[in-house]
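So the structure is just underneath, and the comments pick up after that.
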There are 2 protein chains.
Amino acid sequence: MGNQMTEMLKGTLEGIVLAILARRSAYGYEITAWLRDRGFSDIAEGTIYALLVRVEQRGFVDVEKVPSEKGPPRKVYSLNAKGRDQLAEFWRTWSVLAERIEQLHHNDNQHDEGA
Amino acid sequence: MGNQMTEMLKGTLEGIVLAILARRSAYGYEITAWLRDRGFSDIAEGTIYALLVRVEQRGFVDVEKVPSEKGPPRKVYSLNAKGRDQLAEFWRTWSVLAERIEQLHHNDNQHDEGA
DNA sequence: ACCGGTACACGGTAACGCTAGGTACCGGTA
DNA sequence: TACCGGTACCTAGCGTTACCGTGTACCGGT
């Protein structure tokens, strides 16, 4: 999609994926499809795989290889304790940023509504 | 500050600065101080100047050189029509992203409150 | 003569998401 | 048999962005 969303996803996409994995374990292809369904912009498949490699290397997730009847084996990722800490940290940072930005948004709208 | 905030600012910092300029014209040093006061993390001075050069080159702002009694002349930036369009686009993108992320946040908290 | 505050600018670095490919397994169809 | 499309994963190179450190310059006070 647009450039704007691409840049804004930097730093948040990892949190988004961790939040998804907090709900239930999943594999890359599944996560990509899930995001696409939710209209979470057109996130490239490769981006998700690269991100998953990153969070695995940082020890935020555990991985299990599970055979599939429809193709190559799936790599199923599960959020572990360290990952939950990271997710909590993500939410803290997000809250701070979102709050400050919303304040700007309100002030902005005050003097320039509907432009 | 933290890595997390640094990455999250990518893509949002430009919108933040445009929003500030929407309220009133300002120069780099002033914007930096403003952000620092608002606790908007410890944004590096150099970052703001680089960003201002960028938005100027894209034609989102008009610039006027104003002499200062306290040092070198100030470069005062004003948001123009194109910049207002860009800011509106920023808010649209932000709203979409923030809404989707908040949904994840709620779902996340449901099964893992206060962990 | 010196220091600190004001004000701007630049080069190199790291992180991130995107693009555009490639590999491999499988079932259905011509 | 040959081919295509869906499933599932991976990689290299690229552009954008924010950070760090440093440098320049103007000015007033001591």
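All values below come from the heavy atoms of this structure, side chains included, with hydrogens, waters and symmetry mates left out. Order of the sequence lines sets the chain letters (A, B, ...), proteins ahead of strands, with each chain counted from 1.
For Glu45(A), there are no side chain to side chain donor-acceptor pair (under 3.5 Å) partners, not counting sequence neighbours. Residues that satisfy the side chain to side chain donor-acceptor pair (under 3.5 Å) test with Ser25(A), not counting sequence neighbours, are Ser78(A). By the side chain to side chain donor-acceptor pair (under 3.5 Å) test, Arg36(A) is found to be paired with no residue, residues two or more places apart in sequence or in another chain being considered. Listed by chain and number, the residues in a side-chain contact (heavy atoms from CB on, under 4.5 Å) with Asn80(A) are Asp62(A), Lys82(A) (sequence neighbours excluded). Every residue two or more places apart in sequence or in another chain was checked for a side chain to side chain donor-acceptor pair (under 3.5 Å) with Ser68(B), and none qualifies. Annotation: side-chain contact (heavy atoms from CB on, under 4.5 Å) contacts of Val96(A) (sequence neighbours excluded): Arg100(A), Met5(B). With sequence neighbours excluded, the residues forming a salt bridge (charged side-chain N to carboxylate O under 4.0 Å, His left out) with Arg58(A) are Glu14(A), listed by chain and number.
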Mind listing the N/O atom pairs, protein and nucleotides 14-17 of chain C, below 3.5 Å?
residue: dA15(C); atom: N3; partner: Lys10(B); partner atom: NZ; Å: 2.9
residue: dC16(C); atom: OP2; partner: Arg54(A); partner atom: NE; Å: 3.4
residue: dC16(C); atom: OP2; partner: Arg58(A); partner atom: NH2; Å: 2.8
residue: dC16(C); atom: O2; partner: Lys10(A); partner atom: NZ; Å: 3.2
residue: dG17(C); atom: OP1; partner: Leu9(A); partner atom: O; Å: 3.2
residue: dG17(C); atom: OP2; partner: Arg54(A); partner atom: NH2; Å: 2.5

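Near-neighbour residues of DNA chain C inside residues 72-83 of chain B, defined by a heavy atom below 4.0 Å, number-ordered: Pro72(B), Pro73(B), Arg74(B), Lys75(B).
Neither Val53(B) nor Ile48(B) shares a network with the other; the hydrophobic side chains, linked directly or stepwise wherever heavy atoms of I, L, V, M, F, W or Y lie under 4.5 Å apart, form separate groups for each.
Rounding to whole angstrom units, CD of residue Glu64(B) and P of dC8(C) are separated by 13 Å. When rounded to the nearest whole Å, the span between CD of Glu30(A) and C1' of dT7(D) equals 12 Å. As rounded to whole Å, 12 Å separates atom P of dC9(D) from atom CD of Glu56(A). As a whole-Å value, the separation of Leu52(B) CG from dA7(C) C1' is 12 Å. A straight line from NZ of Lys65(B) to P of dA25(D) spans 13 Å, rounded to a whole angstrom. Distance NZ (Lys70(B)) to P (dG29(D)): 11 Å, rounded to an integer number of Å. One atom, CD of Glu69(B), and another, P of dG28(D), lie 9 Å apart when rounded to the nearest Å. Distance Ile31(A) CD1 to dT7(D) P: 16 Å, rounded to the nearest Å.
For residues 71-81 of chain B, the salt bridge (Lys or Arg N to Asp or Glu O under 4.0 Å) pairs, not counting sequence neighbours, are Glu56(B)-Lys75(B).
Grouped by direct or indirect side-chain proximity (heavy atoms under 4.5 Å, Ile/Leu/Val/Met/Phe/Trp/Tyr only), Val76(A) sits with Tyr27(A), Tyr29(A), Tyr49(A), Val66(A).
Proximity of Tyr27(B) to the phosphate of dA7(C): a side-chain N or O atom is located under 4.0 Å from OP1 or OP2. Within the 4.0 Å cut-off from OP1 or OP2 of dA7(C), at least one side-chain nitrogen or oxygen of Ser68(B) is found. Contact check, Tyr49(A) against dC10(D): no side-chain N or O comes under 4.0 Å of OP1 or OP2. Dashed line: the shortest gap from a side-chain N or O of Tyr29(A) to OP1 or OP2 of dC9(D) is not under 4.0 Å.
Taking 4.5 Å as the limit, some side-chain heavy atom of Leu52(A) sits within range of a side-chain heavy atom of Tyr77(A). Here the side chains of Trp94(A) and Glu102(B) are in contact, with some heavy-atom distance below 4.5 Å.
Toward the 5′ end of DNA chain D lies the nearest nucleotide of Gly71(A), the other residue of the pair Ala50(A) and Gly71(A) mapping further downstream.
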Intra- and inter-strand pairing of DNA chain D, written as dot-bracket with Watson-Crick and G-U pairs under 3.5 Å and | for the latter, reads ||||||||||||||||||||||||||||||

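Across all strands, Glu45(A) comes closer than 4.0 Å to base atoms (heavy-atom distances).
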